[in-house]
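Quick note: numbers below take in every heavy atom, side chains included, and nothing from hydrogens, waters or symmetry partners.
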Amino acid sequence: MDPEISILYCSPTPQGIPQRKVHAQLSPLYQRRRLPPPLEERIILDWEERQRKQPWVFNGAKFRLHSVLPDGDARDEDPAEQNGEKVNKISTENEGGNGGRENGATLDEGGGLTLHLALTCYRDFLGTNWSGEASVLQEKGGQEFGDTQAYLAQPLGVGAALQCKDGHFVMLRRSHKVGEAAGQLDVPGGHPEPKAVAPNIPEEELSLEVLKPELVNLPVSTLSEPLLLGIACNHISAGRPSAEFYVRCSLTSEEVKERYLQGGPEASESTEIIFLEKKDLLSIENSEIWKELCPSAKGCMKLYLMVREQRS
């Protein structure tokens, strides 16, 4: 396994998990632990300093992934107990040796998944996962709570192995202006935005109460039905998780390129679109392209290959 990534969870079926079987449970029990003074205050001060130097940055709300719970694994337990050791918590030590399922968790062919989520933000991500003290915070969380990620923001990213009508897969070259993985190849994706669930609520007023913490279907792409491949952890960002999907596109690669070149709201985040043939993707781990992939893209490609192997 590439040291930049690990697999928290991998679909137990060769088709991936359909949308109707992926749920999200929002609860304050899954929030990041607040750091003792003056460490928590330092996050705010560092953010204010960043805004003075880079006035264009803003503190967007994100979903925080605390853990995952496969269907059939203690679904009826009290959430407070789930906050402990009985669910698949994110761990920097999990290398996916049992298919990415910790504690020997098993699923039948019809199994689904619940994501345990809370709210976090870009400011807290920079002050924890992306800070120079991330490893110290992980050690502190492990010692105090038995959870190395307890003090980290852990914003949940989203990526997709996006396959065009002609069989090509889409990759994007990240801009050198972005803060993370600048210049590297990535898969289409981003972060699921809480504001999409409550579009009429100002971002600074978003809370778990506004978002109604209950089991809901996971919002996903409007292309083909997204199939969840699994969840990968990016260790360059202290184990930040990303849900990776397989999505088919009804457009050819040439049509996708034409639309990409037209630009859009986030056009500045990438500089180039690249297409891989399926045969090249199947051997990507042993190719020169693998060295160009950012950790999130590596996690997506690794999960795609792991799920595909189940078909043989």
Check your understanding: Would you call L117 and L65 a side-chain contact if the rule is heavy atoms closer than 4.5 Å?
Key -> yes
**Study point:** Nearest heavy atoms of K62 and P155, plus distance in Å
**Key:** CB-CB, 3.9 Å
Study note, to complete from the structure: In short, I7 meets A232 closest at the heavy-atom pair CD1-CB, 4.1 Å
Study note, to complete from the structure: To the nearest 0.5 Å, atom CG of L115 lies from atom CG of L69 at 10.0 Å
**Study point:** Heavy-atom side-chain proximity of K302 to L305 below 4.5 angstrom
**Key:** no
Review point. Looking at side-chain heavy atoms only, is the closest gap between Y30 and Q25 below 4.5 Å?
Key: yes
Review point. Can E180 and S237 be counted as having a side-chain donor-acceptor contact under 3.5 angstrom?
Key: yes
Revision key, fill the gap. So CG of L119 and CG of L26: to nearest 0.5 Å the spacing works out to 7.0 Å
Exercise for review: Decide whether L293 and M306 are clustered together by the hydrophobic rule: side chain heavy atoms of Ile, Leu, Val, Met, Phe, Trp, Tyr closer than 4.5 Å, transitively.
Suggested key: yes
Point to revise | Rounded distance (nearest 0.5 Å) linking atom SG of C294 with atom CG of L172 | key: 10.0 Å
Check your understanding: Do E144 and Y151 have side-chain heavy atoms sitting under 4.5 Å apart?
Key -> yes
Review point. Is a salt bridge present between R42 and D46, judged by a nitrogen-to-oxygen distance below 4.0 Å?
Key: yes
Review point. Knowing that exactly one of R50, Q51, R52 qualifies, which makes a side chain to side chain donor-acceptor pair (under 3.5 Å) with Q54?
Key: R50
Check your understanding: Below 4.5 Å, heavy atoms only, C-beta onward: do I17 and Y9 meet side chain to side chain?
Key -> yes
Point to revise | Qualifying residues under salt bridge (charged side-chain N to carboxylate O under 4.0 Å, His left out), relative to K298, sequence neighbours excluded | key: D2, E4
Check your understanding: Got a second to check how far F169's CZ is from C300's SG, nearest 0.5 Å?
Key -> 9.5 Å
Practice item. Establish, from distance only, whether the side-chain atoms of H23 and T114 form a donor-acceptor pair under 3.5 Å. Key: no
Review point. Which distance, rounded to the nearest 0.5 Å, do you find between the CE of M171 and the CG of L276?
Key: 5.5 Å
Point to revise | Pair F125-L152, side chain to side chain contact (heavy atoms under 4.5 Å, CB included): steps then yes or no | key: CA-CA 7 Å; F125 167 69; L152 304 188; over 6 Å; no
Exercise for review: Apply the test side chain to side chain contact (heavy atoms under 4.5 Å, CB included) to residues M301 and L281: give CA-CA distance (whole Å), side-chain angles for both, the deciding distance (0.1 Å), then the verdict.
Suggested key: CA-CA 8 Å; M301 294 296 97; L281 187 145; 3.5 Å; yes
Review point. Between C164 and V256, which heavy-atom pair has the shortest distance, and what is it?
Key: SG-CG2, 3.9 Å
Exercise for review: Indicate yes or no: at least one non-hydrogen side-chain atom of P18 is less than 4.5 angstrom from one of L227.
Suggested key: yes
Check your understanding: Would you call K257 and E254 a salt bridge, using N to O less than 4.0 angstrom?
Key -> no
Exercise for review: Would you mind reporting whether S27 and H66 have side-chain heavy atoms less than 4.5 Å apart?
Suggested key: no
Study note, to complete from the structure: One should read off an interatomic distance between L137 CG and L39 CG, to the nearest 0.5 angstrom, of 7.0 Å
**Study point:** Full working for side chain to side chain contact (heavy atoms under 4.5 Å, CB included) between R32 and C121
**Key:** CA-CA 11 Å; R32 176 179 72 86; C121 61; over 6 Å; no
**Study point:** Taking every non-hydrogen atom, the tightest pair across V158 and S242
**Key:** N-OG, 3.5 Å
Check your understanding: Cluster question for you: counting only ILVMFWY and a side-chain heavy-atom cut-off of under 4.5 Å, with indirect links fine, are L282 and I284 together?
Key -> yes
Check your understanding: Do L185 and I274 have side chains that get closer than 4.5 Å, going by heavy atoms?
Key -> yes
Point to revise | Partners meeting side-chain hydrogen bond (donor to acceptor under 3.5 Å, both in side chains) with E258 (sequence neighbours left out) | key: none
Review point. Under the 6.0 Å and 45° cation-pi test, does R33 pair with F145?
Key: yes
Point to revise | V57 reachable from L126 in the ILVMFWY side-chain graph, under 4.5 Å edges | key: yes
Review point. Is it the case that H235 and S6 place a side-chain donor and acceptor less than 3.5 Å from each other?
Key: yes
Exercise for review: Examine M1 and L229 and state if one hydrophobic cluster contains both, with Ile, Leu, Val, Met, Phe, Trp and Tyr joined whenever side-chain heavy atoms are less than 4.5 Å apart.
Suggested key: yes
Practice item. May I have the step-by-step check of salt bridge (charged side-chain N to carboxylate O under 4.0 Å, His left out) for E269 and R173, ending in yes or no? Key: CA-CA 9 Å; E269 294 189 5; R173 176 80 63 184; over 6 Å; no
Point to revise | Flag if over 12 foreign heavy atoms under 6.0 Å of CD, E139 | key: no
Review point. Stepwise, does the side chain to side chain donor-acceptor pair (under 3.5 Å) test hold for S253 with D166?
Key: CA-CA 7 Å; S253 55; D166 52 14; 2.7 Å; yes
Review point. Between E255 and K165, is there a side-chain N and carboxylate O pair less than 4.0 Å apart?
Key: no
Study note, to complete from the structure: Scanning both residues in full, the closest heavy-atom pair of I236 with N234 reads N-OD1, 2.9 Å
Exercise for review: Look at atom CZ of R34 and say whether more than 12 heavy atoms of other residues, nucleotides or ligands are closer to it than 6.0 Å.
Suggested key: no
**Study point:** Under 3.5 Å side-chain donor-acceptor pair for E292 and Q184
**Key:** no
Check your understanding: Do NZ/NE/NH1/NH2 and the carboxylate oxygens of E272 and R174 come within less than 4.0 Å?
Key -> no
Exercise for review: Applying side chain to side chain contact (heavy atoms under 4.5 Å, CB included), run through V247 and Q163 and close with a yes or a no.
Suggested key: CA-CA 6 Å; V247 180; Q163 189 172 23; over 6 Å; no
Check your understanding: Does I44 belong to the same Ile/Leu/Val/Met/Phe/Trp/Tyr cluster as L35, with side-chain heavy atoms less than 4.5 Å apart forming each link?
Key -> no
Review point. Under 6.0 Å between ring centres, would you say that holds for F58 and Y122?
Key: no
Check your understanding: Looking only at side chains, do Y246 and R248 share a donor and an acceptor under 3.5 Å apart?
Key -> yes
Review point. What pair of heavy atoms forms the shortest contact from L228 to S11, and how long is it?
Key: O-CB, 3.6 Å
Exercise for review: In sequence, state the C-alpha distance, the side-chain angles, and the governing distance for Q154 and T120, and then conclude on side chain to side chain donor-acceptor pair (under 3.5 Å).
Suggested key: CA-CA 8 Å; Q154 295 297 89; T120 188; over 6 Å; no
